[in-house]
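Reading through the structure tokens given below for one structure.
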Amino acid sequence: MSFEIDREELMRVYLAEAEESLANLEQMLVVLELRPSDSETINAIFRAAHTLKGNSASVGLNAPAALAHAMEDLLDEVRAKRFAVTPAFITLMLKSGDVCRRLIESAMAGADELSPAAVSLVQALETAKALGVAAEIEETAGDDADAETQGASASAKRRLRVDLDRLDVILNLTSELSIAVGRSSSAIEMLAERDRKQLDCHEDVERILGELQEQVTRVRMVPIGPRFDQQRRTIRDLAQSAGKPVRLVTEGHDVEIDASLVDQIRDPLTHMIRNAVDHGIEAPELRRTRGKNAVATVTLRAYHDGGNVVVEVSDDGNGFDRERILEHARERGMVPAGAVPSDDEIYGYVFAPGFTTAETVTEISGRGVGMDVVNRAIGAMRGTVHVTSRPGEGAMIAIRLPLTLAVLRGLVVEAGGERFVVPADAITRCAAVPAGEPRRKAYGLTEIEQRTVPYIRLRELFEIDHADAPAVEQMVLVQSHSVEVALIADDLIGEMQAVIKPLAKVFRKLAGVSSSTIFADGRVGLILDTGELVRRAVRENGIHIQRDR
């Protein structure tokens with residue numbers, strides 16, 4: 001009996017498992033540094049190194065197997081309590097994991113041999129085992145550059161078990177099928193009652209299609225928690241480099257995001273964290289004089305808001321220096337003479353290419369590149385970035401990402417003959433517009449159950465012709481950041497499962513719109529960005545939103 005081994009499939013499985021082992025190793029080492037005597041964590045790290053060694057050897061990759069073996073030997077000493085867990089030991093192991101990842105990449109390219117950096121690390125691991133203590137590892141500029149390269153490469157190679165491109169094709173096909181079924185439904189409604197009864201099976205088709213769309217969409221959704229956990233290593237390294245003790249707090253681990261976006265969000269998160277540690281967080285001595293905990297806190301938080309995914313990076317540092325940013329912006333000619341920019345405009349300047357308020361360039365930041373990278377990366381994902389800052393208390397950068405190539409449950413409304421979809425997750429209730437409200441105002445305030453609520457009239461917002469305006473307008477109340485706003489429309493059409501289509505470039509800056517969809521009759525409609533509409537209504541009516549931190 002004989003069988004053939006699919007080498008290509010074997011290596012795909014190996015790479016996925018190796019990356020998982022290295023990622024777990026890295027995260028658990030950061031945890032171990034905080035709890036050096038945690039035997040469960042030590043055992044888990046040992047198992048990860050042992051698995052990496054065994055898997056590498058089984059597929060014939062000798063170089064990564066040799067480095068993993070040296071790591072395993074030293075970890076065995078730690079397990080036996082003959083070797084103490086120190087910051088130098090954690091740094092040595094983290095560096096070994098980085099180099100092991102690069103050895104795997106090189107071996108896959110045909111160069112299966114220990115690099116000079118790997119040879120040095122094997123020697124350092126063996127020496128540490130012999131002496132019972134780990135020496136400090138000297139970082140070099142070249143090592144840093146390699147680390148950046150491998151980080152990007154590892155991110156790019158991370159994939160689902162089912163190739164993401166294939167899922168895109170499947171989702172697009174289900175989208176087109178949904179539109180076709182919708183048209184069929186419209187045609188059936190026009191048939192005589194006798195003929196419609198013969199087509200009752202069509203309802204089963206619609207039900208099954210809805211379930212299919214939901215399942216395909218779920219397959220694409222992955223929790224954002226692992227991306228947050230990857231930043232623990234970043235925080236640890238930055239804190240050591242800057243001499244500022246910093247801890248990471250994460251919220252919303254289970255919030256799911258489209259797999260096509262989760263890989264792209266790593267670099268923006270890293271740049272924002274680097275900026276917070278270098279520019280925002282004060283030295284521990286200064287924090288003590290201000291009555292703060294010497295250990296600063298960076299918080300990563302994710303949640304859904306109005307059909308969007310919001311990712312926030314906040315810190316309890318000094319906040320953005322508003323006056324300094326404005327001064328530099330004026331020096332660069334970014335502010336027109338005599339103009340008095342708003343806070344949002346001032347904080348928006350930090351995303352300009354090359355903009356920095358740093359007096360000196362450090363290893364962490366100061367070149368005016370990081371926040372520009374954030375802005376371009378989020379823009380490429382058709383998202384938005386918003387900065388809030390409280391002097392002396394901290395700052396928060398919120399990334400709002402639209403749902404793309406997904407199915408959204410929403411309420412269809414009509415204004416001036418055009419249809420719009422309001423995400424159902426953001427809706428609190430619907431009601432008729434009270435009599436006596438001005439009909440031509442885009443923004444205003446209205447009374448609902450003895451409460452004053454700001455509103456936006458969709459006809460005015462999108463500059464739609466006022467012909468055939470209804471006698472009684474309808475409003476949909478939506479909520480974001482605990483603030484309720486009324487969207488005024490001509491009529492409420494009904495609920496639907498909207499297949500989300502990305503906007504063409506010319507429409508991507510259209511205020512209050514996140515994406516588009518195609519209705520059953522073939523018409524195109526816009527899906528509203530309720531979070532942006534709430535902010536716009538609040539701003540235009542001079543209301544202050546107290547944001548959660």
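Only a predicted model underlies this, so the values are computations on that prediction, with no experimental measurement involved. Note: hydrogens, waters and symmetry copies are ignored here, and every other heavy atom, side chains too, is used.
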**Message:** Counting C-beta onward and ignoring hydrogens, is there a side-chain heavy-atom pair between I90 and L94 closer than 4.5 Å?
**Reply:** yes
**Asked** Taking atom types as modelled, is there a side-chain donor on H279 or D321 under 3.5 Å from an acceptor on the other?
**Response** no
**Request:** Measure from the side-chain N and O atoms of H304 to the backbone N and O of E256, and report whether any donor-acceptor pair falls under 3.5 Å.
**Result:** yes
**Prompt:** Do E312 and Y303 have side-chain atoms, one donor and one acceptor, less than 3.5 Å apart?
**Reply:** yes
**Asked** If you round to the nearest 0.5 Å, how far is OG of S96 from CZ of R101?
**Response** 12.0 Å
**Request:** Kindly say whether E20 contributes a backbone atom to a donor-acceptor pair with the side chain of N24 at under 3.5 angstrom?
**Result:** yes
**Request:** Give a yes or no on whether the backbone of V298 and the side-chain of D315 come within a donor-acceptor separation of less than 3.5 Å.
**Result:** no
**Item:** P268 to V374 - nearest heavy-atom pair and separation
**Value:** O-CG2, 3.7 Å
**Asked** Do the non-hydrogen side-chain atoms of V513 and E532 ever get within less than 4.5 Å of each other?
**Response** no
**Asked** Is the closest side-chain heavy-atom distance between H386 and R400 below 4.5 Å?
**Response** no
**Message:** Which residue is it: R236, R232, R233? I am looking for the one with a salt bridge (charged side-chain N to carboxylate O under 4.0 Å, His left out) to E33.
**Reply:** R236
**Prompt:** At their closest point, which heavy atom of Q27 faces which heavy atom of P226, and how far apart are they?
**Reply:** NE2-O, 4.3 Å
**Message:** Donor-acceptor pair, distance only, cut-off 3.5 Å: does the side chain of T270 make one with the backbone of R266?
**Reply:** yes
**Request:** Determine, step by step, whether R539 and R536 satisfy the side chain to side chain contact (heavy atoms under 4.5 Å, CB included) criterion, reporting the C-alpha distance in whole Å, the side-chain angles of both residues, the deciding distance to 0.1 Å, and the verdict.
**Result:** CA-CA 5 Å; R539 183 173 64 248; R536 178 177 285 256; 4.1 Å; yes
**Item:** Residue pair N55, V59: steps toward the side chain to side chain contact (heavy atoms under 4.5 Å, CB included) verdict
**Value:** CA-CA 7 Å; N55 287 353; V59 296; over 6 Å; no
**Message:** Is the shortest side-chain heavy-atom distance between F320 and I397 below 4.5 Å?
**Reply:** yes
**Asked** Passes side chain to side chain contact (heavy atoms under 4.5 Å, CB included), T388 versus Y347? Steps please.
**Response** CA-CA 8 Å; T388 55; Y347 295 137; over 6 Å; no
**Prompt:** Which value, rounded to the nearest 0.5 Å, describes the distance between L261 atom CG and M221 atom CE?
**Reply:** 8.5 Å
**Prompt:** Heavy-atom distance under 4.5 Å between the side chains of L15 and I104, does that happen here?
**Reply:** yes
**Partner of D316 by salt bridge (charged side-chain N to carboxylate O under 4.0 Å, His left out), out of R287, R247, K292** = R287
**Request:** Under the side chain to side chain contact (heavy atoms under 4.5 Å, CB included) rule, what do F351 and V387 come out as? Steps first, then yes or no, please.
**Result:** CA-CA 10 Å; F351 297 106; V387 175; 3.6 Å; yes
**Message:** Less than 4.5 Å apart, side chain to side chain, heavy atoms only: is that true for M93 and L75?
**Reply:** yes
**Item:** D38 side-chain N/O to L32 backbone N/O, donor-acceptor pair under 3.5 Å
**Value:** no
**Item:** Among L67, D112, L61, N62, the one residue meeting side-chain contact (heavy atoms from CB on, under 4.5 Å) with L103
**Value:** L67
**Request:** Compare all side-chain heavy atoms of V313 with those of M396 and state whether any distance is below 4.5 angstrom.
**Result:** no
**Fill in**
Here the pair of heavy atoms bringing G512 nearest to L533 is CA-CD2, 3.7 Å
**Prompt:** Closest approach of A296 and I281, non-hydrogen atoms and distance?
**Reply:** CB-CG2, 3.4 Å
**Message:** Would you compute the distance between atom OG1 of T384 and atom CG of N375 and round it to the nearest 0.5 angstrom?
**Reply:** 10.0 Å
**Message:** Please determine whether a side-chain nitrogen of the Lys or Arg among K244 and E282 lies less than 4.0 Å from a carboxylate oxygen of the Asp or Glu.
**Reply:** no
**Prompt:** Do you know which two heavy atoms are closest between V421 and G410, and how far apart they sit?
**Reply:** CG1-CA, 3.9 Å
**Message:** I need the single residue from V262, I257, T250 that forms a side-chain contact (heavy atoms from CB on, under 4.5 Å) with R227. Which is it?
**Reply:** V262
**Gap between atom CG of D305 and atom CG of L401 - 0.5 Å precision** = 12.0 Å
**Request:** In plain terms, say whether D98 and R102 are close enough for a salt bridge, that is, a side-chain N and a carboxylate O under 4.0 Å apart.
**Result:** no
**Complete:** Here the gap from Q479 atom CD to T530 atom OG1, rounded to the nearest 0.5 Å, amounts to 10.5 Å
**Request:** Ignoring hydrogens and angles, tell me if any N or O in the side chain of E345 forms a donor-acceptor pair with the backbone of S342 under 3.5 Å.
**Result:** yes
**Request:** For S241 and L238, indicate whether the former's side chain and the latter's backbone hold a donor-acceptor pair under 3.5 Å.
**Result:** no
**Message:** Looking at every non-hydrogen atom in both residues, tell me the closest pair between S516 and I527 and how far apart they are.
**Reply:** O-CD1, 3.7 Å
**Request:** Verify the neighbour count for atom CD of E331: are there more than 12 heavy atoms of other residues, nucleotides or ligands below 6.0 Å?
**Result:** yes
**Message:** In the structure I gave you, are the side-chain heavy atoms of V78 and I45 within less than 4.5 Å of one another anywhere?
**Reply:** no
**Prompt:** How long is the gap from CD on E72 to OG1 on T51, to the nearest 0.5 Å?
**Reply:** 9.0 Å
